[in-house]
Amino acid sequence: MRIIRAADCKVMPWKNGGGTTTEIAVAPEGASLGDFDWRISMAHVGADGPFSSFPGIDRTLCVLSGNGIRLAFSDGEVVMLERASGPHFFAADRAVDGQLIDDAIDDLNVMTRRGRWRHRVERLSGEGSLPASEGLLVLVARKGDWLVNGVSLAAGDSAILDAPGHVELEVSGSEAELYAVWLTAS
């Protein structure tokens, strides 16, 4: 298991220059925004505007804080994402504008290169067991103090586990939130 502390994450500009993102993990290590196989990051969105286009990439977006964002796709589809919404999966090469519902948000982005990797994201709020049956399992702690197989993760910390394996989660604190990301090679 590899632990990534929040303080060690890299802050960088968005691909379109409209804001900043905190890169949690990327493969291959050191890959740029144009040549990664998969990437997990958090972004602060402070204004309405277009999303960066990532040709050949699939993306899942989760609202971490704030009142939410309205995704207006160029083909007419509109999706409202709020804190209570589940993770939203879409092709990152679709043109989309983000319109904040009330004020700034923070979000979690998971992106995988189509045909090489696929992913699934789930928000968890309590103790339990998780399988890591193939590929990688990445855990991103958002709220609470988590124990992952006995190793401490504070809010903002992450853990990467190789399959095969099994994860036991324990948490303390009145509010708990952790995102589980399963990454599988295609």
Side-chain angles (χ1 to χ4, degrees), residues 4-74 77-114 117-124 136 138-144 153-160 177-183:
I4 302 166
R5 300 294 176 199
D8 296 330
C9 292
K10 179 175 149 183
V11 178
M12 55 197 295
W14 288 353
K15 184 177 176 185
N16 69 8
T20 60
T21 185
T22 301
E23 186 174 85
I24 296 168
V26 64
E29 194 168 329
S32 72
L33 291 177
D35 64 359
F36 63 84
D37 286 337
W38 60 263
R39 182 174 188 267
I40 300 171
S41 64
M42 290 185 290
H44 178 74
V45 182
D48 296 346
F51 273 50
S52 300
S53 178
F54 287 91
I57 299 294
D58 289 323
R59 178 182 210 162
T60 295
L61 187 71
C62 309
V63 175
L64 301 175
S65 67
N67 291 323
I69 190 168
R70 179 180 178 265
L71 302 179
F73 292 91
S74 63
E77 180 184 10
V78 175
V79 176
M80 299 293 285
L81 289 179
E82 300 170 324
R83 281 277 307 124
S85 302
H88 183 69
F89 180 88
F90 60 98
D93 42 15
R94 286 176 69 194
V96 60
D97 282 324
Q99 300 161 348
L100 297 170
I101 292 175
D102 187 26
D103 202 356
I105 66 164
D106 293 305
D107 62 32
L108 177 70
N109 291 281
V110 178
M111 295 189 278
T112 51
R113 186 158 307 281
R114 205 172 297 129
W117 288 84
R118 60 187 188 279
H119 69 272
R120 179 173 63 92
V121 181
E122 185 177 339
R123 181 177 51 216
L124 307 172
L136 299 170
V138 181
L139 303 172
V140 180
R142 179 65 185 154
K143 293 179 182 178
L153 284 187
D157 292 344
S158 301
I160 300 177
E177 187 173 75
L178 178 136
Y179 287 83
V181 180
W182 285 268
L183 296 160

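- Using modelled atom types, no side-chain atom of D107 and backbone atom of L61 make a donor-acceptor pair closer than 3.5 Å.
- Side-chain N or O atoms of D102 include none that pairs as donor or acceptor with a backbone N or O of N67 at under 3.5 Å.
- Here the side chains of V138 and L183 are in contact, with some heavy-atom distance below 4.5 Å.
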Apply side chain to side chain contact (heavy atoms under 4.5 Å, CB included) to residues L71 and F51 and explain how you reach the verdict. CA-CA 9 Å; L71 302 179; F51 273 50; 3.5 Å; yes

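- Using a 4.5 Å heavy-atom cutoff, the side chains of E82 and I101 are in contact.
- Judged purely by distance below 3.5 Å, without hydrogens or angles, the side chains of D58 and T112 never pair a donor atom with an acceptor atom.
- Between S85 and R83, the side chains place no donor N or O within less than 3.5 Å of an acceptor N or O (distance only, hydrogens not considered).
- Remark: side-chain polar atoms of S32 are paired, donor with acceptor, to backbone N or O of G34 under 3.5 angstrom.
- Atom-to-atom distance recorded for D93:CG and S52:OG is 12.5 Å, nearest 0.5 angstrom.
- The heavy-atom pair separating F54 from L33 by the smallest distance is CE2-O, 3.6 Å.
- Residues S41 and M12 form no side-chain contact, since every pair of their non-hydrogen atoms from C-beta on lies 4.5 Å or further apart.
- A distance of 11.5 Å separates CG of L108 from OG of S65, quoted to the nearest 0.5 Å.
- Under the 3.5 Å distance criterion, the side-chain polar atoms of R59 are left unmatched by any main-chain donor or acceptor of M111.
- Cation-pi geometry between R94 and F73 is met: the NZ or CZ atom falls under 6.0 Å from the ring centre, inside 45° of the normal.
- Using a 4.5 Å heavy-atom threshold, the side chains of E77 and F90 count as separate.
- Each of L136, V181, I40, L139 was scored for a side chain to side chain contact (heavy atoms under 4.5 Å, CB included) with I160, with one residue passing: L136.
- Counting only N and O atoms by type, the side chains of T60 and H88 include no donor and acceptor under 3.5 Å apart.
- Of all heavy-atom pairs between G156 and A6, the closest is O-CB, 3.3 Å.
- Contact check on R70 versus D97 returns no salt bridge, with no Lys/Arg side-chain nitrogen under 4.0 Å from an Asp/Glu carboxylate oxygen.
- Remark: I57 CD1 to N109 CG distance equals 12.0 Å, nearest 0.5 Å.
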Output, in order, the C-alpha distance, side-chain angles, deciding distance and verdict of side chain to side chain contact (heavy atoms under 4.5 Å, CB included) for V140 and L178. CA-CA 6 Å; V140 180; L178 178 136; over 6 Å; no

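- Residues V121 and F89 are not in side-chain contact: their nearest non-hydrogen atoms beyond the backbone lie 4.5 Å or more apart.
- The line from CD1 of I4 to CD of E23 is 9.5 Å long, rounded to the nearest 0.5 Å.
- Residues I24 and R39 are not in side-chain contact: their nearest non-hydrogen atoms beyond the backbone lie 4.5 Å or more apart.
- Cation-pi geometry between R113 and F36 is met: under 6.0 angstrom from the ring centre, within 45 degrees of the axis.
- Using a 4.5 Å heavy-atom cutoff, the side chains of L124 and Y179 are not in contact.
- What you find for G46 and A104 is that their closest heavy atoms are CA-CB, 4.0 Å.
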If you apply the rule side chain to side chain contact (heavy atoms under 4.5 Å, CB included), what do you find for M42 with T21, and how did you get there? CA-CA 6 Å; M42 290 185 290; T21 185; 5.8 Å; no

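- A donor-acceptor distance shorter than 3.5 angstrom exists from the side chain of R123 to the backbone of A84, with no hydrogens or angles considered.
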Does S158 form a side chain to side chain contact (heavy atoms under 4.5 Å, CB included) with R5? I'd like the steps, not just the answer. CA-CA 6 Å; S158 301; R5 300 294 176 199; over 6 Å; no

